[in-house]
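Contents: one structure, followed by commentary.
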Amino acid sequence: MPLINGGPGRQDFTFRAGDTFRTEVDWSIDLSGYSVTSALVSLVNGATLAAIPTTFVDAAAGRVGVAFPAIDVAGTYGWTQTWVAPNGDTRTGLVGYVEVTP
């Protein structure tokens with residue numbers, strides 16, 4: 001029997017303190033009817049530090065835009081991206097580190 005990995009994907013980012021950072025995630029699946037949210041999180045306790053603006057570029061093609069806000073304090077943070085399906089099922093699609101350099 002094959003082993004199926006149902007865990008989230010991983011994507012890390014590095015950018016400079018004070019800079020905004022925009023990128024696009026291409027899931028290559030139809031996300032029509034879904035909602036997608038992203039958050040900057042503490043690596044110490046998992047608390048949400050800030051919502052990361054997340055919008056659909058093309059929901060039918062699974063393309064999602066992510067706009068990290070300017071972070072003024074250099075350090076390492078976590079981030080997550082979560083989907084909510086039309087039926088209410090929730091899944092963490094991506095996790096990763098955000099390295100903010102001075």
Side-chain angles (χ1 to χ4, degrees):
M1 175 182 280
L3 182 63
I4 298 172
N5 179 359
R10 169 90 183 256
Q11 178 64 59
D12 300 329
F13 297 107
T14 300
F15 52 93
R16 293 181 58 94
D19 288 355
T20 55
F21 177 75
R22 296 177 192 276
T23 191
E24 188 176 297
V25 178
D26 185 350
W27 290 103
S28 298
I29 60 171
D30 186 354
L31 292 174
S32 298
Y34 283 67
S35 63
V36 179
T37 59
S38 301
L40 189 70
V41 297
S42 167
L43 294 177
V44 174
N45 60 15
T48 298
L49 301 174
I52 301 170
T54 304
T55 57
F56 284 108
V57 175
D58 184 341
R63 292 177 36 221
V64 179
V66 182
F68 286 87
I71 301 169
D72 295 326
V73 179
T76 304
Y77 304 88
W79 85 287
T80 64
Q81 187 171 90
T82 304
W83 314 337
V84 179
N87 68 0
D89 288 349
T90 300
R91 175 165 184 196
T92 301
L94 276 177
V95 297
Y97 293 110
V98 176
E99 184 70 31
V100 179
T101 60

Check: Val98 and Leu40 side chains under 4.5 Å, non-hydrogen atoms: yes
Do Phe15 and Glu99 touch side chain to side chain, with heavy atoms closer than 4.5 Å? no
How long is the straight-line distance from CD1 of Ile71 back to CZ of Arg16, given to the nearest 0.5 Å? 14.0 Å
Establish whether Val25 and Val41 are linked, either directly or via other cluster members, by ILVMFWY side-chain heavy-atom contacts under 4.5 Å. no
When rounded to the nearest 0.5 angstrom, what distance separates OH in Tyr77 from CG in Leu43? 9.5 Å
Listed by chain and number, what are the ring pair (Phe, Tyr, Trp, His ring centres under 6.0 Å) partners of Trp83, not counting sequence neighbours? Trp27
Can you tell me how far CD1 of Ile52 sits from CD of Gln81, rounded to the nearest 0.5 angstrom? 8.5 Å
Is there side-chain contact between Val100 and Val73, with heavy atoms separated by less than 4.5 Å? no
If only atom types and distance count, is the side chain of Asp58 paired as donor or acceptor with the main-chain N or O of Arg63 below 3.5 Å? no
Looking at every heavy atom in both Gly18 and Ala70, which two are closest together, and how far apart are they? O-CB, 3.5 Å
Are Leu94 and Val57 connected, step by step, through hydrophobic side chains (Ile, Leu, Val, Met, Phe, Trp, Tyr) whose heavy atoms are closer than 4.5 Å? no
I'd like to know if the side chain of Ser42 reaches the main chain of Val44, judged simply by a donor and an acceptor atom lying under 3.5 Å from each other, with no hydrogens or angles considered. yes
Donor-acceptor check, side chain of Trp79 to backbone of Phe13, threshold 3.5 angstrom: yes or no? no
Heavy-atom pair of closest approach, residues Gly62 and Leu31: CA-CD1, 4.0 Å
Hydrophobic cluster membership, Phe68 vs Val64, 4.5 Å side-chain cutoff: yes
When you check the gap from the basic side-chain N to the acidic O, do Asp89 and Arg91 get nearer than 4.0 Å? no
Under 4.5 Å between side-chain heavy atoms, hopping through other hydrophobics if needed: is there a path connecting Tyr34 to Val95? no
Counting only heavy atoms not in Arg22, do more than 12 fall under 6.0 Å of its CZ? no
